[in-house]
Amino acid sequence: MVLPRHDVYQTARVQAISVTVGGVLQLLWLLWACHRAGVDMRLRLPRLDADVREMLRLIVPAAAGAGASQINLLISTSLAGSLLASGSITYIYYADRLNQLPLGLIGIGLGTILLPTVSRLLSTGQDTAAMETQNRGIELALFLTLPATVAFMVAAEPIVRGLFQYGHFTAMDARRCGWALSAFSVGLPSYVLVKVLTPGYYARGDTRTPVRYAMISIAVNIVATSS
C-alpha cells in the first residue's frame, strides 16, 4: 500500500518530534540521576587553563579518528550512488543500520568500560593488570561478535526480509540488501576490535596512533572502492 504524500509528511513530522522529545526526556533522566548521585551539574564559564589545553590537544585527534568508519561509509555510499544501480544506497543504508547494532552494543559498550578501567590501572602502575584487562576485553568482544557475524553472513536475507520487506521493498530488494549486509558483516569483528583496542591508546595519552591508522584505512577504502 502506498501512502498519500500528506500522510508521508505527517508520519515524518511525528517521527521527528518523537526523536526530539525522546532526547529531552533522556537528558532530564540523566540530570535527575546525577542529582541523586550528588553530581554538581551547574554550568560554569570555561577557563582555558593548562588542563583544558591538554584535553583539547588529545580530543581533536580522537574525534577525527572516531569518525573514520563514518567517512568510509560516506565514500562507499557516494560511489554506490554514481556507479551502481538505483536503490543501491538504500541497500547500503539498511545493511549498515543492522551492522551497527552489534557494533554499538558490543564494541562501544566494551570500549566505554575499558577506557576508565585501563586508565585507572595504568595511573597506579599496574601495567600487567591493564594488559590483562585489555586481553579479556578482546576475548569477550570476539565471543559476542563472531556469532553475530556468522548470523549476518548465513541468514542476512531472512533477517532483512523479516524487518524491511513491505510495500515497495520487494523480495529482490531484500535479497540485494542481504548481500550488502553479508559483505558488511565480514568486517564486523574488526570494527568491534577497533572500539576495544582504541581505549588502550587513549588511556596512555596516545590519540594520534589511532588517527594515523584510521587515515590509512580511509585511503585504502578509496583506492579499493574506486578500482
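Numbering of residues begins at 1 and proceeds along the displayed sequence.
One hydrophobic cluster, built from ILVMFWY side chains closer than 4.5 Å, cannot hold both L197 and I216; they sit in different ones. Using a 4.5 Å cut-off between side-chain heavy atoms of Ile, Leu, Val, Met, Phe, Trp and Tyr, with links allowed through other members, V186 and V150 fall into different hydrophobic clusters. In the hydrophobic cluster analysis, where Ile, Leu, Val, Met, Phe, Trp and Tyr join through side-chain heavy atoms closer than 4.5 angstrom, M172 is grouped apart from Y91. The hydrophobic cluster containing L103 also contains V160, counting ILVMFWY residues as joined when their side-chain heavy atoms lie under 4.5 angstrom apart, directly or transitively. Following chains of ILVMFWY side-chain contacts shorter than 4.5 Å, one can reach L140 starting from L114, so the two form part of one hydrophobic cluster.
A heavy-atom distance below 4.5 Å is found between the side chains of P102 and F152. Side-chain contact check for R204 versus L122: some heavy-atom pair is nearer than 4.5 Å.
In terms of heavy-atom proximity, I159 sits nearest to A151 at CD1-O, 4.2 Å. Of all heavy-atom pairs spanning Y202 and P210, the tightest one is CE2-CG, 4.1 Å. Scanning all heavy atoms of the two residues, the minimum distance from V196 to G137 falls at CG1-C, 3.9 Å.
Considering only residues two or more places apart in sequence or on other chains, R176 meets the salt bridge (Lys or Arg N to Asp or Glu O under 4.0 Å) condition with none of them. With sequence neighbours left out, the side-chain contact (heavy atoms from CB on, under 4.5 Å) criterion links T145 to I106, T149, L188, P189, V192. With sequence neighbours excluded, the residues that form a side-chain contact (heavy atoms from CB on, under 4.5 Å) with S182 are A156. With sequence neighbours left out, the side chain to side chain donor-acceptor pair (under 3.5 Å) criterion links Q134 to no other residue. Taking the side-chain contact (heavy atoms from CB on, under 4.5 Å) definition, one finds that L101 meets it with L105, sequence neighbours left out. In this structure D127 satisfies the side chain to side chain donor-acceptor pair (under 3.5 Å) test with no other residue, sequence neighbours excluded. A search for side-chain contact (heavy atoms from CB on, under 4.5 Å) contacts involving I113 returns T117, not counting sequence neighbours.
Within the structure, salt bridge (charged side-chain N to carboxylate O under 4.0 Å, His left out) pairs that include any residue of residues 147-172 comprise E157-R161, E157-R175 (at least two apart or interchain). Screening residues 92-115 for side-chain hydrogen bond (donor to acceptor under 3.5 Å, both in side chains), with sequence neighbours left out, gives D96-Q100. Among pairs with a residue in residues 137-155, those fulfilling salt bridge (charged side-chain N to carboxylate O under 4.0 Å, His left out) read R136-E139, at least two apart in sequence or across chains. Under the side-chain hydrogen bond (donor to acceptor under 3.5 Å, both in side chains) criterion, no residue pair touches residues 18-31, with sequence neighbours excluded. Evaluation of the ring pair (Phe, Tyr, Trp, His ring centres under 6.0 Å) test over residues 173-200, restricted to residues two or more places apart or in two chains, returns none.
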Using the side chain to side chain contact (heavy atoms under 4.5 Å, CB included) rule, take D173 and T170 through it: C-alpha gap first, then chi angles, then the decisive distance, then the call. CA-CA 5 Å; D173 294 328; T170 65; 3.1 Å; yes
Side chain to side chain contact (heavy atoms under 4.5 Å, CB included) between L142 and L193: does it pass, once the steps are laid out? CA-CA 8 Å; L142 291 176; L193 287 180; 4.0 Å; yes
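Heavy-atom contacts from other residues, nucleotides or ligands closer than 6.0 Å to CZ of F164 number more than 12. Heavy-atom contacts from other residues, nucleotides or ligands closer than 6.0 Å to CZ of F169 number more than 12.
The line from NZ of K195 to CG of L115 is 12.5 Å long, rounded to the nearest 0.5 Å. In this structure, the separation between CZ on R208 and CE on M215 is 12.5 Å, given to the nearest 0.5 Å. For the atom pair L30 CG and L25 CG, the distance stands at 12.5 Å (nearest 0.5 Å). Between atom CG of residue L98 and atom SG of residue C177 there is a gap of 6.5 Å, rounded to the nearest 0.5 Å.
Not one N or O on the side chain of S119 forms a donor-acceptor pair closer than 3.5 Å with the backbone of P116.
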